[in-house]
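Report on one structure; see the data block that follows.
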Amino acid sequence: MTSKLNANCRIVLVGTSHPANIGAAARAMKTMALSQLTLVDPQCNLDAQAIAMAAHADDVLANSHSYADIQSAVVDSTLVLGLTARPRRDGVPALTPKEAAAMVVAEQGPTVILFGRERTGLTNEELGCCHRLVHIPANPDYPALNLAAAVQIMAYELFCAQSLTPVSAEAEVVGSRESLATGRHLEALHNLFDELVTMGEMAGDQPHETLRLRLRAYINRTRPSVAEVDMLHGLLKRLVILKGHQRE
């Protein structure tokens with residue numbers, strides 16, 4: 001498992017409650033030549049049940065990494081995708097697994113695919129860390145897809161996408177851009193926007209939290225470069241300073 005895709009793409013499980021699900025996800029990954037597994041705030045230990053469900057993919061478990069929060073897990077990533085049960089959020093349609101796989105394969109930098117909790121998925125705050133969302137279509141009368149099954153579907157599409165050319169138009173554009181901002185750059189920019197909105201009372205009739213999440217989603221979708229983030233960061237920093245002086 002030494003392909004460029006495997007080296008660049010990490011599967012991240014957030015708040016997983018059952019060790020068997022982590023083991024089954026590791027097995028699903030290895031069957032599709034993926035080995036980079038990350039756990040965020042796991043609610044269980046990698047016990048004998050996890051190892052048993054992993055079968056011969058226990059090496060994926062052994063080499064996994066754990067973080068306390070998503071921000072720490074995505075800090076160096078240039079593309080973050082998050083699985084969601086909703087086909088649309090904030091008016092923007094979520095990608096299909098096939099579309100998402102094309103983006104990941106075309107990406108030049110490190111990528112992360114987030115899978116949420118077994119019962120509740122990813123929170124709005126966690127989805128706010130994503131550049132794009134991914135929705136797996138399912139029976140609307142029973143859309144209860146198991147975590148490991150979701151990982152298997154996404155891993156399969158990634159495996160297939162490695163041999164498909166050309167990639168989608170968006171993936172070609174994204175793949176050709178240089179120095180895309182990482183999670184670290186974007187988080188600093190988001191924090192400045194939050195500060196400016198709070199200081200300027202710019203939320204209007206909508207709750208500050210709603211505006212904050214919408215701004216995050218918009219900025220993430222644009223996928224700015226490091227230079228673009230630095231430019232915006234400098235402008236916003238000056239506005240924050242000016243606003244602070246006006247209050248004195």
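When a residue number appears, it is its place in the shown sequence, counting from 1. Note: hydrogens, waters and symmetry copies are ignored here, and every other heavy atom, side chains too, is used.
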Residues Met154, Phe115; criterion side chain to side chain contact (heavy atoms under 4.5 Å, CB included); working and verdict: CA-CA 10 Å; Met154 195 66 238; Phe115 294 81; 3.9 Å; yes

Does any part of the side chain of [Y], heavy atoms only, come nearer than 4.5 Å to the side chain of [X], both counted from C-beta?
| X | Y | value |
| --- | --- | --- |
| Thr84 | Val134 | no |
| Arg117 | Leu147 | no |
| Arg132 | Arg223 | yes |
| Leu114 | Leu122 | yes |
| Thr111 | Leu81 | no |

Does the side chain of [X] pick up a donor-acceptor pair with the side chain of [Y] at under 3.5 Å?
| X | Y | value |
| --- | --- | --- |
| Glu126 | Asn124 | no |
| Asn6 | Ser35 | yes |
| Asp230 | His185 | no |

Residues that [X] engages under salt bridge (charged side-chain N to carboxylate O under 4.0 Å, His left out), provided they are two or more places apart:
| X | value |
| --- | --- |
| Asp76 | Arg184 |
| Arg10 | none |
| Arg212 | Glu125, Asp194, Glu209 |
| Glu118 | none |

Other residues, nucleotides, ligands: >12 heavy atoms within 6.0 Å of Asn139 CG: yes

Step-by-step side chain to side chain contact (heavy atoms under 4.5 Å, CB included) determination, Ile113 to Val151: CA-CA 9 Å; Ile113 305 177; Val151 172; over 6 Å; no

Hydrophobic cluster membership, Leu37 vs Val80, 4.5 Å side-chain cutoff: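 Leu37 does not cluster with Val80.
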
Inter-residue atom distance [X].[atom1] - [Y].[atom2], 0.5 Å rounding:
| X | Y | atom1 | atom2 | value |
| --- | --- | --- | --- | --- |
| Phe159 | Leu34 | CZ | CG | 9.0 Å |
| Cys130 | Arg89 | SG | CZ | 9.5 Å |
| Met53 | Leu61 | CE | CG | 11.0 Å |

Sequence neighbours excluded - side-chain hydrogen bond (donor to acceptor under 3.5 Å, both in side chains) pairs with any residue from residues 60-71: Asp69-Ser72

Stepwise side chain to side chain donor-acceptor pair (under 3.5 Å) check, Glu107 with Thr78: CA-CA 8 Å; Glu107 185 69 17; Thr78 60; 2.7 Å; yes

Sequence neighbours excluded - salt bridge (Lys or Arg N to Asp or Glu O under 4.0 Å) pairs with any residue from residues 77-87: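 For residues 77-87, and leaving out neighbouring residues, there are no salt bridge (Lys or Arg N to Asp or Glu O under 4.0 Å) pairs at all.
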
CA sep, side-chain torsions, deciding dist, call: Val12, Val14, side chain to side chain contact (heavy atoms under 4.5 Å, CB included): CA-CA 6 Å; Val12 179; Val14 181; 4.2 Å; yes

